[in-house]
Structures are given as C-alpha cells and as structure tokens.
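By convention in this document, chain letters (A, B, ...) are assigned in the order of the sequence lines, proteins followed by strands, and residues within each chain are numbered from 1.
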2 protein chains.
Amino acid sequence: MTQKDDFDLREFLPYLLNQAAEISSQSFQRTYKGRYGMLRTEWRVLFHLAIYERMTAKDICEKAIMHKTKVSRAVQRLEQRRYLQRKPDEKDRRHEWLTLTSQGRAVYEDLRAHAQQHDQVLMQKLSTEEITVLRRALNALSQP
Amino acid sequence: MTQKDDFDLREFLPYLLNQAAEISSQSFQRTYKGRYGMLRTEWRVLFHLAIYERMTAKDICEKAIMHKTKVSRAVQRLEQRRYLQRKPDEKDRRHEWLTLTSQGRAVYEDLRAHAQQHDQVLMQKLSTEEITVLRRALNALSQP
DNA sequence: TGGTAATAGTTGAAAATGTAACTAACAACC
DNA sequence: GGTTGTTAGTTACATTTTCAACTATTACCA
C-alpha cells in the first residue's frame, strides 16, 4: 500500500472538506442524538428557527441549503415533539410561519451550549490566525 | 426573519465545514454521477485504489475513514462494473487484496482530470495563502 | 374572467445508509 | 487439540434520503 500517483487526495478540497466535516461533526452528533434523539436535519432547522425567530420552510431551505423534503420532514418531527408551531400566513396561505415553542427554545439553549463547547475543543487544534482564515475561506466556499 | 441570537451559526465549525463540503462537492458529484452513475463512496474507493494500487477493504476503511459496510458495498458495485478485482490473500484468507482493472484505471484517470479542474475552480475563490492555511487546518481537523 | 403557469409544501416509492448480528478464517491459550 | 477470542468482511433489517409526482394556493395574462 504505497502511494504511486502524483495526485494527492489530501489536496483535493471536496475530499478534505468532507473528511473534516464528518469528523468534527461526530462529537456534536452524539450530543443531539443522545440527548434528544434528533437528526442532523432537525438540529439545523431548530437552530435556524432559534436564531431567526420566524421563518417559512422555504426560508430554511435557502439559508441552510437543504432540500425542501428534508426540511418538511424535519419540521414534522420537531412539531410532533412540540418543539415548534406552524401558523399559516393570512395573506398567502401557501406559506407557513414556523416558530419555536418554549420547549423548543429550551432544547436549543441546551444544544447551543454544547455546540459552543464542541467548537472550543475543535479550535484547540488550530491557531487563532488559522481559525480566522479558515472561517473566511469556508464562508467563501459556501457561496454557490 | 431577522437575526436575534448572539450565537452565529456561521461561526460554528461543524456547520460551516458541512456547508462548504456540501456545496463544493456538488459540481464534482454531477461529474461522477453523470458520467458513471457512481456514488460518493464509490469514487472514494476507486481513488484510493488508484493511488495506493493494492489495498484490503480494511486499509480503505482506515485511510478514507469510512465504515466497513460502506466500503463493502462500494467494492461490490465497483466489482460488478469490472472496475476492480479481488484476490484472497494466500497466507490469511480473511484478507482480500483489491486492485483496479485497466478499465477502472481509465475511469480514474478521467475522473481525476475532472477533479483537478473542479479544484482549480474552487481555489479561485481563495488566495494562495488562504489555500495553504485551509489545507493545513482541514488536515488538523481531520485527525480524530 | 378563465385558463395556464408558478410556488409552498407534502407524500410515496426507490435508493442509500446505519446498526447489529452474522460467517469464515485465524490466533492464543490452557 | 479443543475452546475461546479476534479479525475481515458480508448480510439483514430499520432508518434516512432522494426523486418524482402530487395537492393546494396564488400569480399572470390574454
């Protein structure tokens, strides 16, 4: 198993990004899955609603870059657990406004604290300067 | 839909990483999916075999940080398409050595060229210095 | 006004993934 | 040498995701 090719996978950005994303998500995944049986799609929707307060499913799709069926099903499950409420728009009844319940906000607060802790741990692997550049670069790469 | 919280999702590394990984993978995905109907797990296995020439499934699991069932299924499909061959180890018949066929290598060469092009496009979004730091940081974060 | 197109969101079936249990081969220890 | 433990890899089943088709509502425009 010796390397032959001049092409190095560890230079290929989509591969590297995926690897880093996968590994750095694992510990946080254990938290939201272990404590609330939540899926990745669900914490993402929960966090978006906590941060933006009031969104439609469409808004979430755009912000979180998730497909509408993923969002739809995440919303269903969060509603079943009474973490959010739906309210149809008066003017245009195709839209539904989503907001967190107080229970949903409580779950968010708990998970957010954990998220920040996980982030601290991750950042210990990097220098301050690396963190700054990394964030900037990731934001640049996130623009489609 | 105005931001409320002091916690910014766009600072949370697992989220940012995932977003960047997702978006920057999309164009390459269209390539391997469109041209060869391959899945993410499959191009990863293919690339590993092309680069390291001769590996067992276990080796791939470790290098690519993929679960053994994912590798097992990717290997099956690559074998069906005659992109790789299996050969049991003489000394220890629990191990199977995997190598690409010439057809598999041809597919790899084609995909590699595309991968490099995609990488070029991605890198245009970043400065040389950002690229260096980004690669270093991603490698650091990829250590579990 | 009526008919067509567009939009928000849901649903069902197929594909992919995750989890745990399984087989087969070897190792180690008594 | 036989029992027990490990390891490489596969399989079965449950859970998620994807894709396409669907409903319901509004917009557009002749």
Side-chain angles (χ1 to χ4, degrees), chain A residues 1 18-19 21-23 25-26 28-30 32-34 36-46 48-49 54-81 84-99, chain B residues 1 18 21-23 25-26 29-30 32-34 36-46 48-49 54-81 84-99:
Chain A
M1 198 182 82
N18 195 71
Q19 209 80 322
E22 207 60 46
I23 289 165
S25 296
Q26 277 173 7
F28 185 51
Q29 175 173 356
R30 277 191 292 276
Y32 61 73
K33 196 171 175 181
Y36 303 102
M38 285 172 74
L39 303 173
R40 198 195 333 222
T41 50
E42 293 166 29
W43 80 258
R44 289 180 148 236
V45 167
L46 186 85
H48 275 86
L49 285 175
R54 186 166 174 281
M55 303 173 90
T56 67
K58 183 87 197 298
D59 295 334
I60 299 175
C61 291
E62 282 162 12
K63 278 275 175 206
I65 316 188
M66 288 168 66
H67 194 271
K68 58 183 182 175
T69 60
K70 268 193 194 172
V71 173
S72 172
R73 283 170 171 138
V75 166
Q76 277 176 35
R77 295 188 49 164
L78 292 173
E79 190 192 23
Q80 277 167 18
R81 288 163 205 217
L84 66 76
Q85 278 182 324
R86 323 161 91 120
K87 198 173 290 174
D89 186 304
E90 292 300 321
K91 304 243 167 99
D92 185 341
R93 270 172 306 166
R94 288 174 304 183
H95 298 75
E96 271 192 330
W97 291 101
L98 306 170
T99 48
Chain B
M1 197 182 84
N18 195 71
E22 206 61 45
I23 289 165
S25 296
Q26 277 173 6
Q29 175 172 357
R30 276 190 294 276
Y32 61 75
K33 196 170 176 183
Y36 303 103
M38 286 172 72
L39 304 173
R40 196 190 347 214
T41 50
E42 294 166 29
W43 80 259
R44 290 179 148 236
V45 167
L46 186 86
H48 275 86
L49 285 174
R54 187 168 174 279
M55 304 172 91
T56 67
K58 183 88 197 297
D59 294 334
I60 298 176
C61 291
E62 282 162 10
K63 278 274 175 204
I65 317 188
M66 288 169 66
H67 195 268
K68 58 184 181 174
T69 60
K70 267 193 192 173
V71 173
S72 172
R73 290 196 258 240
V75 167
Q76 277 178 34
R77 295 188 48 161
L78 292 172
E79 191 192 23
Q80 277 168 17
R81 290 163 204 218
L84 65 76
Q85 279 182 323
R86 323 161 90 121
K87 197 174 291 172
D89 186 303
E90 291 301 320
K91 305 242 166 99
D92 186 342
R93 272 172 305 167
R94 287 173 304 183
H95 299 74
E96 271 192 329
W97 291 101
L98 306 170
T99 48

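Between Glu90(A) and Glu22(B), the residue anchored closer to the 5' end of DNA chain D is Glu22(B), taking for each the nucleotide with the nearest heavy atom. Place Gly37(A) and Asp92(A) on DNA chain D by their nearest nucleotides, and Gly37(A) ends up nearer the 5' end. Nearer to the 5' terminus of DNA chain C, by closest-nucleotide assignment, is the contact made by His95(A) (compared with the other of Arg73(B) and His95(A)).
Put simply, the side chain of Arg94(A) and the base of dT7(C) share a donor and an acceptor less than 3.5 Å apart.
At distances below 3.5 Å, at least one donor-acceptor pair connects side-chain atoms of Arg81(A) with backbone N or O atoms of Tyr36(A). Listed for the Ser25(B) side chain is a donor-acceptor partner under 3.5 Å among the backbone atoms of Ala21(B).
For the pair Gln29(A) CD and dT19(C) C1', the interatomic distance rounds to 13 Å; values are reported in whole Å. Residue Arg77(A) contributes atom CZ, which lies 15 Å from atom P of dT10(C) at whole-angstrom precision. Rounding to whole angstrom units, CZ of residue Arg86(B) and C1' of dA8(D) are separated by 12 Å. Straight-line distance from the NZ atom of Lys70(A) to the P atom of dT17(C): 12 Å, rounded to whole Å.
Within 4.0 Å (heavy atoms only), His67(B) reaches at least one base atom of the nucleic acid. Among the atoms of the strands shown, none is found under 4.0 Å from any heavy atom of Arg40(B). Within the 4.0 angstrom heavy-atom criterion, base atoms lie near Lys68(B).
Proximity of Ser72(A) to the phosphate of dT10(C): a side-chain N or O atom is located under 4.0 Å from OP1 or OP2. Phosphate proximity of dG18(C) to Thr69(B): absent, as no side-chain N or O sits under 4.0 Å from OP1 or OP2. In this model, the phosphate group of dG9(D) is not approached by any side-chain N or O of Gln76(B) to a distance below 4.0 Å at OP1 or OP2.
At least one side-chain heavy atom of Gln19(A) sits less than 4.5 Å from a side-chain heavy atom of Arg44(B). At least one side-chain heavy atom of Arg86(A) sits under 4.5 Å from a side-chain heavy atom of Val75(A).
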